[in-house]
Amino acid sequence: MLREIWKHRAVYAAISPFYLLFGIFGLFPIGFSLYLAFHKWDGIGDMTYNGWGNFRYLVTDNEFWQAVGNTFAIWVYSTIPMLFFALIIAFLLYAPFVKMRTLWRVGFFLPNVTSIVAVAIIFGALFANNFGFLNYLLQLLGLPTIQWLNVPWGIQIAISSMVVWRWTGYNAIIYLAGLQSIPHVLYEAAKMDGATGAQAFFRITIPMLRPVILFTVITSTIGGMQLFTEPQVLVGNDGGAGASGMTIVLYLYRESFVNNYFGYGAAVGWGMFLIIALFSIVNWKLVQGKK
Amino acid sequence: MMQARVKSVILYTGLLAGMILSMFPFYWLIVMATRTTSDIYRFPPQLWFGSHFWSNVTRVLQQIDFAGAFFNTLFVASSVTLLVLFFDSLAGFAFAKFDFPGKKALFIILLATMMVPSQLSLVPSFVMMAAFGWVGTFKALIIPGMVNAFGIFWIRQYAEESIPKELLDAGRMDGCSFFRLYWNVALPILRPAFAFLGAFTFIGAWNDYLWPLIVLTDERKFTLQIALSQLNGIYNTDYAMVIAGTLLAVLPLIILFLFISRQFISDLAAGAVKD
């Protein structure tokens, strides 16, 4: 055994940087963060043991639960339209007679390459209270204008629309790849058996696409729970009007790096981890289960 | 025949509507970057280009060290990309083409690490950086990111299919060491896979925000994203300048992406669907 390992020493050397780096910058901080979550620490003075104190505070912390609620609200407002539009775009692009496929795909994907900081600045201008483009559209339609960035739901809509804009094209391309990987023989066989277009869609396309849909739901759940840059750049560290842009990660950032409650910040991190894990499992069961 | 025409009208209308929504923010960004701040604050908004682009850009260059932030970002993103390509391909090649004790378990561990959310270790990572004396240096941005599980996984998939066993056997016969096999046989074959992994890593590093925001303390070390967010916070009375800076910061990446987009998008799609 040892001789076998020694024989492959070059191969182990080749894969070792990853494990070394993960040990130092991944695994160790996680252990440390568990330790920190049971302590009080401002980053400068001594750490003092606090037992379950941070977690006891966490479960009664209204600001934390508001951040959880905000994160979920923004996740719902963004994920549902995003995946819906992505599916429509994918179906349009899948049509056999569509021309210039590459051009469309590049155009839809371009927002994804743009940095979130830039996106937040552009959307800040689109949603601006007094001179924004959206209010201009509302006025053209004869509707009253909205103080988007002064009302809690307006802030959440602005944040969600950034997510939708940035990720719809990405998901459309994933769906398109999924559609293209469905073997044509299945449709031909269905046609021979006299199936209608709708039957083929619900009996072949949707079931064959389920793993891809699951993939997009899981990735957008994880992404949605980790939202940070959009609200931070748009409304700042306090989450804007009514703290409605305060997401879980923004709260974690503020408690840790603005208020220097390092121990509590670590506890918030673990709370977030639990929520993401639970939520991912529920999601997975839901999407898998509906056969 | 008639039905086909109706279908294609619906199809193109839908695609065009999506494209307009997708492109409009870029258009709006360019329009605002060519206007004065008082133009931008005017209502109804100005929808056509103005003539103040160069004066806005000049003020960006005066107010912040844009060139400095640009080269900082370029340096960090390029270093991370080169290191990731090297270490990920080395490990990906090893996993794809060699059998060694513990291979399966090690690979499962590698995949499992992808599930760990990075925010969990945000506070301790910062504390570690402080202990190493890396706060405020590029080491904090480059070293923790120089090898990653996703890239190893991606390269392994590619290497498994594309590197012929016979070629490796022939190399072994000639007495090539592992590293020689990697350098002379695998590397040339893996090059097409590098394009996607390299672009993916570079774009990610270029756009990174949360971690640089925490560890970069010195203004001279700011990356573009941090400089941009500072600009947005401090100078929002000179909105035209902030917008012009935003345009300058996104342009290089968009141009890079347009060059590689075709390959990038199909690789991304293939990676997501195949499992």
Side-chain angles (χ1 to χ4, degrees), chain A residues 1 4-5 8 10-11 14-15 17-18 21-22 25-26 29-30 32-33 36 89 92 95 97-98 102 104-109 111 113-118 121-122 125-126 130-131 133 136 165 169 173-174 177-178 181 212 215 226 228-229 233 249 252 256-257 262 265-266 269 272-273 276, chain B residues 8 11 14-15 18-19 22-23 25 28-29 32 40-45 87 90-91 94-95 98 100-101 106 110 113 116-117 119-125 128 144 147 149 152 177-179 203 207 209-210 214 225 228-229 232 242 246 249-250 253-254 257 261-262 265 268-270 272-273:
Chain A
M1 185 67 186
E4 188 69 4
I5 290 176
H8 290 102
V11 180
I15 62 168
F18 171 77
L21 226 59
F22 180 73
F25 298 109
I30 288 171
F32 191 11
S33 120
L36 212 52
I89 292 172
L92 292 176
F97 50 94
V98 62
T102 307
W104 295 113
R105 294 200 306 173
V106 171
F108 289 127
F109 194 78
V113 183
T114 314
S115 81
I116 313 180
V117 176
I121 292 173
I122 305 169
L126 283 172
N130 299 318
F131 60 91
F133 185 77
Y136 170 65
W165 183 67
I173 280 154
I174 306 295
S181 70
V212 182
F215 173 84
Q226 300 182 344
F228 168 78
T229 312
V233 177
V249 181
L252 168 76
S256 310
F257 298 104
F262 279 16
M272 183 187 92
F273 173 70
I276 293 182
Chain B
S8 89
L11 179 89
L15 284 176
M19 188 60 86
S22 191
M23 286 298 125
W28 181 240
L29 174 69
M32 287 191 298
I40 295 175
Y41 284 131
R42 214 184 294 162
F43 196 81
F87 286 116
L90 202 59
F95 272 119
F98 291 83
F100 49 89
L106 285 168
L110 180 110
T113 63
V116 180
Q119 287 91 350
L120 193 58
S121 47
L122 211 54
V123 177
S125 298
M128 276 172 68
V147 48
I152 296 175
S177 66
F178 170 82
F179 194 75
I203 292 171
N207 288 337
Y209 180 65
L210 177 54
I214 291 168
Q225 307 309 327
L228 207 56
S229 73
N232 190 36
V242 174
T246 308
V250 296
L253 214 52
I254 287 177
F257 173 73
S261 53
R262 182 192 281 262
I265 290 176
L268 177 91
V273 172

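To find a chain, count down the sequence lines: A is the first, B the second, and so on, and within it residues start at 1.
Annotation: the span from Phe32(A) atom CZ to Ser125(B) atom OG amounts to 10.0 Å, rounded to 0.5 Å. Taking CZ from Phe228(A) and CG from Leu210(B), the interatomic distance works out to 4.5 Å, rounded to the nearest 0.5 Å. Atom CD1 of Ile89(A) sits about 9.0 Å away from atom CE of Met19(B), to the nearest 0.5 Å. Taken from CZ in Phe95(B) to CD1 in Ile15(A), the straight-line distance is 4.0 Å, to the nearest 0.5 Å. Atoms CD1 and CD, on Ile276(A) and Gln119(B) in that order, are 6.5 Å from each other to the nearest 0.5 Å. Atoms OG and CG, on Ser256(A) and Leu122(B) in that order, are 7.0 Å from each other to the nearest 0.5 Å.
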Would Phe109(A) and Ser261(B) satisfy side chain to side chain contact (heavy atoms under 4.5 Å, CB included), going step by step from the backbone distance to the final call? CA-CA 9 Å; Phe109(A) 194 78; Ser261(B) 53; over 6 Å; no
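In this structure, chain A has heavy atoms under 4.5 Å from both the backbone and the side chain of Leu15(B). Heavy-atom distances place both the backbone and the side chain of Leu120(B) under 4.5 Å from chain A. Looking at Phe257(B), the atoms closer than 4.5 Å to chain A (heavy atoms on both sides) all sit in the side chain, from C-beta outward. For Val250(B), the part lying near chain A is the side chain, with the backbone staying farther off; criterion is any non-hydrogen pair under 4.5 Å.
In this structure the side chain of Ile116(A) never reaches within 4.5 angstrom of the side chain of Asn207(B), judged on heavy atoms. Looking at Ile152(B) and Phe18(A), their side chains come closer than 4.5 Å, going by heavy atoms from C-beta outward.
In terms of heavy-atom pairs under 4.5 Å with chain A, the best-connected choice from Ala149(B), Gly14(B), Ser177(B) is Ala149(B).
The closest donor-acceptor contact from the side chain of Ser229(B) to the backbone of Val233(A) lies at 3.5 Å or more, if one exists at all.
Contact record, Leu11(B) with Leu92(A): CD1-O, 3.0 Å, taken as the closest heavy-atom pair.
When the shell of 6.0 Å around CZ of Phe273(A) is examined, it contains 12 or fewer heavy atoms from other residues, nucleotides or ligands.
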